[in-house]
Amino acid sequence: MELEQILAKQFGYTAFRPGQKEVIEAILEGKDVIALLPTGMGKSLCYQLPGYILQKPVLIVSPLLSLMQDQVEELKRFGEKRVVALNSFLTVSEKRYVLHFLEQFRFIFTSPEMLLQQQVQDKLSQMQLGLIVVDEAHCISQWGFDFRPDYLRIGQWFSQANRPPVLALSATATNKVVNDIRDTLSLDSPFEFLYNVDRSNIHLGRVVFEDREDKVHWIIQHIKETAGPGILYMSSRKRAEQYSEVLIQAGIRAAAYHAGIGAEDRQFIQQQFIDGELDWIVATNAFGMGINKSDIRQVIHETMPANVENYMQEIGRAGRDGHPALAILLYCDSDVELAKFVVTGDLPTSGHVDRYQELLNQQIQPSQMLKNGELSETAFRVLDYWLQQETMEQVKVRLNHLALEKYRAVNEMEKISRTKDCIRKQLVGYFGQELLKKPENCCENCGINYDEINKARLKEEKKIEMIPWKSRLKQLLMGF
DNA sequence: CGAATTACACTTAAGTGTAATTCGGTGCCTTAAT
C-alpha cells in the first residue's frame with residue numbers, strides 16, 4: 001500500500017505535511033533519523049504511521065507522564081487499542097501484566113527512568129522492536145547533563161548492536177542539540193530533517209526596564225488592555241503566585257502554574273486554559289511542553305529565560321493557528337545575574353565531589369549527604385551519575401564546565417535581548433539559519449505597530465466570544 | 001551570586017549604620033508512614 005493510502009485509511013488525512021513523508025520513508029529504509037519539526041506540525045505521525053507498516057512494536061521514550069497520556073489517548077481516538085503507557089501510573093500488578101504481554105502492543109510509551117529498570121531491560125532484550133522513538137529529544141541536551149541523567153544512560157542502551165532504527169523528534173534545532181542527540185544516542189549517520197525555525201506570525205517585542213519592580217505596572221496595564229489567551233512566564237514559583245494574584249485582583253481570569261502545584265491541579269488549570277475558561281497562565285518554565293492550544297495570542301516573559309532554546313520553545317507556543325501573535329520580552333539588567341544563579345544553583349560543586357569521596361573512605365553511604373541536606377536530590381543523582389562514568393578529577397572539571405556552559409547560554413540570551421539589530425535575524429541566526437524574509441511588524445527594533453496588532457486581536461476576540469456555545473448552553477440551562 | 005528585607009546594636013530613645021537572613025527551575029520513580 002502507498003503511504004498516502006495508509007495516511008487516509010488510518011488517520012483520515014489527505015496529504016502529508018512538510019517533512020513527514022521524507023522522515024517516514026527514511027525510517028522505512030532502516031535509517032536513523034533526527035527530525036526537527038515545529039510543534040503542532042504533526043511530529044507524532046512520523047512514528048504512528050510506520051507503526052502500521054513495521055510488523056514489530058514501536059517504543060516511544062517520552063519526557064513527561066502527561067505527554068504519554070495525551071498520546072495514548074490520541075491513538076485510541078484513532079481506534080488503536082494496542083497502545084500502552086508503561087510508567088509509574090500503573091499499579092504493581094498492572095505493570096507485571098503489561099510487561100508480560102509487552103510484545104503484543106503496537107505502541108509502547110515509556111520514560112527514560114522506566115526504560116532503564118532491570119525488569120524492563122530484561123523484557124526488551126527478548127523482544128524485537130520495529131522502531132525506537134525519542135520524543136522531545138532536546139531533553140537529552142537540556143536535561144541529561146544536570147537534571148535527569150537517565151537521559152544520557154539511554155544512550156548506552158542504544159549503543160548495543162541489533163537495535164532497530166531510532167527516530168529522534170524535537171522542535172529545538174541548534175547544532176549543539178543535534179550533536180548531543182546524535183552522540184548520546186550513538187546514531188549512525190542519521191538522516192536529518194530540519195525545518196525553518198522562524199515563525200513569521202509571532203511579532204517579537206521587547207521592553208527594557210531600569211528596575212524589575214517597574215514591570216508590575218506595565219504587565220497589569222498591558223494585560224488589561226490587550227487580548228489573550230496568553231502565557232506570562234516568570235522566573236520563580238513565588239513570583240508566579242504573586243502575579244497571578246495581582247491579575248485576578250485586576251479582574252483577569254488567570255491562574256498560576258509551576259512544579260510546586262500538585263499534578264491534579266496542574267492538569268485542571270491546563271484544561272481550563274485550553275477550554276478558554278482561563279485567559280492567562282502565570283507560569284514558570286514548567287508550563288508548556290505538549291500543550292495543544294493553537295490560539296495563544298501572547299507570550300510575555302517577565303524575566304529573560306536562561307537560554308535561547310527555552311525562549312524559542314516558549315514563544316513558539318503562541319500563534320500555532322498561523323494568526324498574528326505577540327511575544328514580548330521584558331528585560332532589565334539584573335535579570336542576567338538572576339538567571340545565572342538559577343541555572344547553576346543546583347549543580348554539585350567540587351566540594352561535593354570531595355565530600356562524596358570522604359564519606360566513601362569512611363565507609364559511609366554517600367547518600368548520607370541527602371539526609372544532612374548538604375545536597376538536593378537532583379544534585380546528588382547528577383553527582384552519582386558522573387562519578388560512575390569518570391574519575392573524581394574528571395568530574396570536577398566536568399561540573400565546572402557545565403556551569404560555564406550555562407553562563408555562556410545566559411550570555412547568548414542576554415545578547416539577543418539587548419540587541420539593537422533585528423531580533424528575529426539574531427534569533428534565527430542562533431539556530432544556524434538565515435532569515436529569508438522579514439515579516440511586517442517583525443520585531444521591536446524593526447518596528448512594531450502595537451496599536452494595529454492589538455486592535456486586530458481585540459476584534460478577533462469579540463468574534464470568538466460569539467462562538468462558545470458550551471458556556472452559553474450552560475448559562476441557559478442554569479436559568480440566566 | 002546578589003538584592004532585598006529584617007534584626008540588631010548603638011546611643012542623651014528615634015533614627016542610623018551594619019550584620020544576618022532569605023530567596024531564587026525543569027520530572028521521573030519509590031516507599032515509608034499516616
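Side-chain atoms are counted along with the backbone in the values below, which use heavy atoms only and exclude waters and symmetry mates. Lettering of chains follows the sequences in order, A, B, ..., and the numbering in each one begins at 1.
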Starting at atom NZ of A/Lys340, determine the distance to atom C1' of B/dG25, rounded to an integer number of angstrom.
18 Å

Taking for each residue the nucleotide of DNA chain B with the nearest heavy atom, is it A/Leu86 or A/Asp346 whose nucleotide lies nearer the 5' end?
A/Asp346

Taken to the nearest whole Å, CD/A/Glu136 to P/B/dG27 is 13 Å

Using the C1' atom as the reference point in each nucleotide, state the distance between B/dA9 and B/dA13 in Å, no decimals.
13 Å

Please give, in whole Å, the distance from B/dC28 C1' to A/Phe380 CZ?
17 Å

Quickly work out the A/Met289 CE to B/dG27 C1' distance and round it to whole Å.
9 Å

Between B/dC8 and B/dT12, how far apart are the P atoms? Round to whole Å, please.
22 Å

Looking only at side-chain atoms of A/Thr378, point me to the closest of B/dG27, B/dG25, B/dC28.
B/dG27

Looking at B/dG15, which nucleotide sits across from it as a Watson-Crick or G-U wobble partner, both distances under 3.5 angstrom, or is there none?
B/dC10

Considering every strand and a 4.0 Å limit on heavy-atom distances, what is the contact class for A/Pro112: base, sugar-phosphate, or nothing?
nothing

On a whole-Å scale, what distance lies between the C1' atoms belonging to B/dC10 and B/dA14?
12 Å

Nearest whole Å is fine: how far is B/dG24 C1' from A/Asp335 CG?
12 Å

If you measure from the Lys or Arg side-chain nitrogens to the Asp or Glu carboxylate oxygens, is any gap between A/Glu302 and A/Arg212 under 4.0 Å?
yes

May I ask you to say what A/Arg237 touches in the nucleic acid, namely base, sugar-phosphate or nothing, with a heavy-atom cut-off under 4.0 Å?
sugar-phosphate

Selection from B/dG24, B/dT26, B/dC28 that lies nearest to any side-chain heavy atom of A/Ala286
B/dT26

Could you tell me whether A/Asn87 contacts a base, only the sugar-phosphate backbone, or nothing, with contacts defined as non-hydrogen atoms closer than 4.0 Å?
sugar-phosphate

Passing candidate, salt bridge (Lys or Arg N to Asp or Glu O under 4.0 Å) with A/Glu113, options A/Arg381, A/Arg153, A/Arg148
A/Arg148

Would you call the rings of A/Tyr257 and A/Phe287 parallel, tilted or perpendicular, where under 30° means parallel and over 60° means perpendicular?
perpendicular

Any strand: nucleotide that pairs with B/dT34 via Watson-Crick or wobble, under 3.5 Å
none

Taking NZ, NE, NH1 and NH2 as the nitrogens, is one of them in A/Arg408 or A/Glu405 under 4.0 Å from a carboxylate oxygen of the other?
yes

Below 4.0 angstrom, N of the basic side chain to O of the carboxylate: do A/Lys406 and A/Asp146 qualify?
yes

Going by an N to O cut-off under 4.0 Å, is there a salt bridge joining A/Arg355 and A/Glu358?
yes

Between B/dG24 (P) and A/Glu302 (CD): distance, integer Å:
14 Å

Side-chain donor/acceptor of A/Ser334 to base of B/dG2, under 3.5 Å:
no

Given atom CG of A/Asp214 and atom P of B/dA3, what is their separation to the nearest angstrom?
15 Å

Under the side chain to side chain donor-acceptor pair (under 3.5 Å) test, residues paired with A/Asn196 that sit two or more places apart:
none

Syn if the chi torsion is within 90° of 0, anti otherwise; quick check, which is B/dA4?
anti

Looking at B/dA4, which nucleotide sits across from it as a Watson-Crick or G-U wobble partner, both distances under 3.5 angstrom, or is there none?
B/dT21

Taking the C1' atom of each, how far is B/dT31 from B/dT26, in whole Å?
24 Å

What are the atom names and distances for every N/O pair under 3.5 Å that joins the protein to nucleotides 30-34 of chain B?
unit_1, atom_1, unit_2, atom_2, d
B/dT30, OP1, A/Lys95, NZ, 3.4
B/dT30, OP1, A/Gln117, NE2, 2.9

Against A/Arg297, only a single residue in A/Thr226, A/Asp279, A/Asp321 fulfils side-chain hydrogen bond (donor to acceptor under 3.5 Å, both in side chains); can you say which?
A/Asp321

State whether the aromatic ring of A/Phe147 stacks on the base of B/dT26, taking stacking to mean ring centres under 5.5 Å apart and ring planes under 30° to each other.
yes

With stacking defined as ring centroids separated by under 5.5 Å and planes differing by under 30°, is A/Phe341 stacked against B/dG24?
yes

Nearest to side-chain heavy atoms of A/Asn285, which nucleotide of B/dC29, B/dG27, B/dG25
B/dG25

Counting only side-chain N and O atoms of A/Thr284, is one of them less than 4.0 Å from OP1 or OP2 of B/dT26?
yes

Could you give the distance separating B/dA19 and B/dT11 at their P atoms, to the nearest angstrom?
15 Å

Check whether any side-chain heavy atom of A/Glu309 lies under 4.5 Å from a side-chain heavy atom of A/Met312, and answer yes or no.
no

Looking at A/Arg148, does any N or O in its side chain come under 4.0 Å of the phosphate oxygens OP1/OP2 on B/dC29?
no

Separation of A/His258 atom NE2 from B/dG24 atom P, in whole Å?
10 Å

Applying a 4.0 Å non-hydrogen cut-off, can you work out what A/Arg266 is touching in the nucleic acid: base, sugar-phosphate, or nothing?
sugar-phosphate

Ionic contact status for A/Arg418 with A/Glu414, cut-off 4.0 Å
yes

Who does B/dC29 pair with, Watson-Crick or G-U, both distances under 3.5 Å?
none

